[in-house]
Amino acid sequence: MTPVISIVADEEEAGSVIARRIADDIEADPQCAIGVATGSSPLPIYRYLAVLVDRGLSIGGVDWFALDEYLGLADGHPESYRSILLRDLARPLSIAPAKLHLPDPFTDDPDAAAGDYEHEVSDARVRAQIVGIGRNGHLGFNEPGTPLDSPTHRARLTESTRAANARFFDSIDDVPQWCITQGLGTIMRAARIELIATGEVKADAVARALYGPVSPDCPASVLQTHPQVYVTLDAGAASALPQQKIAAS
Ligand code: F6R
């Protein structure tokens, strides 16, 4: 089905639009599971969810499932995705740490940990999955070439993704090489997907994801085959979309 595309004024509006839909999910099913992403893009969603919680939204029954986690960082490293989600999501929203779920990066057998997380996410039946998009079209850490039906798996980050994420570390050498990520098949099982992208740097990836061929060359293109996708963009991220598609959306 065609994704529902909204072009909004700025990242704060993008965050509030998506946070309101997530709040509707939670009000409809207070025990639901919500999939969350890290990176810069979803932060305005979490900021606005905190506003809604302040206004009385009750989220104590919700389970929050991360898309991915780095392998190879020390326990408690400030850039691990557990640390980031505790800092940017759980603490501001008073989410109990036990309600935050990530792949376990501290095992001798990351492939088994990936399998365990696949089951956990599948059993949870994610109601809405928030995703950002990589400049190369990655979704989660499903880099170009990943099969479109992949389960949660151990994956190697491309050099371009490590370079993009180097801004969070002292140097690119400190960016992990490996991670565990929900697969594209895992992400696609969420009942709804909320893609947020802001800035012209994402324009090409967004256009390829929405209107290019559905192919592992652009992992996010798999979203074209999902029945319920909302895409929220600012003008920069929308700037490479075909004009007639924007007018029609
Ligand atoms: C994060 C993730 C990645 C990011 C993507 C965009 O959990 O899985 O796919 O969503 O790299 O990152 P930002 O939002 O920082 O541009």
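Order of appearance sets the numbers: ligands from 1, and atoms from 1 within every ligand.
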Give me the residue, atom name and distance of the protein heavy atom closest to [atom].
atom: atom 11 (O) of ligand 1; answer: His138 NE2, 2.7 Å
atom: atom 6 (C) of ligand 1; answer: Ile133 O, 3.4 Å
atom: atom 9 (O) of ligand 1; answer: Gly140 O, 2.7 Å
atom: atom 1 (C) of ligand 1; answer: Thr38 OG1, 3.2 Å
atom: atom 14 (O) of ligand 1; answer: Ser41 OG, 2.5 Å

Legend entry - Those atoms of ligand 1 less than 4.0 Å from some heavy atom in Gly132: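 Every atom of ligand 1 under 4.0 Å from some heavy atom of Gly132: 10 (O).
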Inset, instruction - Please identify which atoms of ligand 1 are closer than 4.0 Å to at least one heavy atom of Asp68. - result: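 So the atoms of ligand 1 that pass are 1 (C), 2 (C), 7 (O), 8 (O).
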Legend entry - Lys202 bridged to Glu200 by N-O distance under 4.0 Å: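 A salt bridge is absent here (no side-chain N lies under 4.0 Å from a carboxylate O).
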Legend entry - Arg82 bridged to Glu69 by N-O distance under 4.0 Å: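 Result for this pair is no, no salt bridge flagged.
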Legend entry - Verdict with supporting geometry, Arg135 and Ser160, side-chain hydrogen bond (donor to acceptor under 3.5 Å, both in side chains): CA-CA 8 Å; Arg135 295 174 207 188; Ser160 71; over 6 Å; no
Mode of [X] contact toward ligand 1 - side chain, backbone, both, neither (heavy atoms, under 4.0 Å):
X: Leu67; result: side chain
X: Glu69; result: neither
X: Asn165; result: neither

Inset, instruction - Only one of Asp111, Asp104, Asp109, Asp68 passes salt bridge (charged side-chain N to carboxylate O under 4.0 Å, His left out) with Arg154; say which it is. - result: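 With Arg154 as partner, salt bridge (charged side-chain N to carboxylate O under 4.0 Å, His left out) holds for just one option, Asp111.
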Inset, instruction - May I have the step-by-step check of side-chain contact (heavy atoms from CB on, under 4.5 Å) for His153 and Thr181, ending in yes or no? - result: CA-CA 6 Å; His153 60 284; Thr181 181; 3.7 Å; yes
Inset, instruction - Might you confirm whether atom CZ of Arg21 has over 12 heavy atoms from other residues, nucleotides or ligands at distances under 6.0 Å? - result: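 More than 12 heavy atoms, drawn from other residues, nucleotides or ligands, come within 6.0 Å of this atom.
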Inset, instruction - Would you check whether Tyr81 has a nitrogen or oxygen atom less than 3.5 angstrom from a nitrogen or oxygen atom of ligand 1? - result: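 Tyr81 vs ligand 1: no N/O contact under 3.5 Å.
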Inset, instruction - Output all residues satisfying salt bridge (Lys or Arg N to Asp or Glu O under 4.0 Å) with Arg47, sequence neighbours left out; order by chain, then residue number. - result: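 Per chain and number, Arg47 pairs via salt bridge (Lys or Arg N to Asp or Glu O under 4.0 Å) with Glu11, Glu12.
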Legend entry - From Gln182, Arg135, Lys202 - option closest to atom 12 (O) of ligand 1 by heavy atom: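 Checking each option, the heavy atom nearest atom 12 (O) of ligand 1 is found in Lys202.
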Inset, instruction - Before giving the answer on salt bridge (Lys or Arg N to Asp or Glu O under 4.0 Å), spell out for Arg167 and Glu79 the whole-Å C-alpha distance, their side-chain angles and the decisive distance to 0.1 Å. - result: CA-CA 11 Å; Arg167 68 191 194 278; Glu79 293 307 324; over 6 Å; no
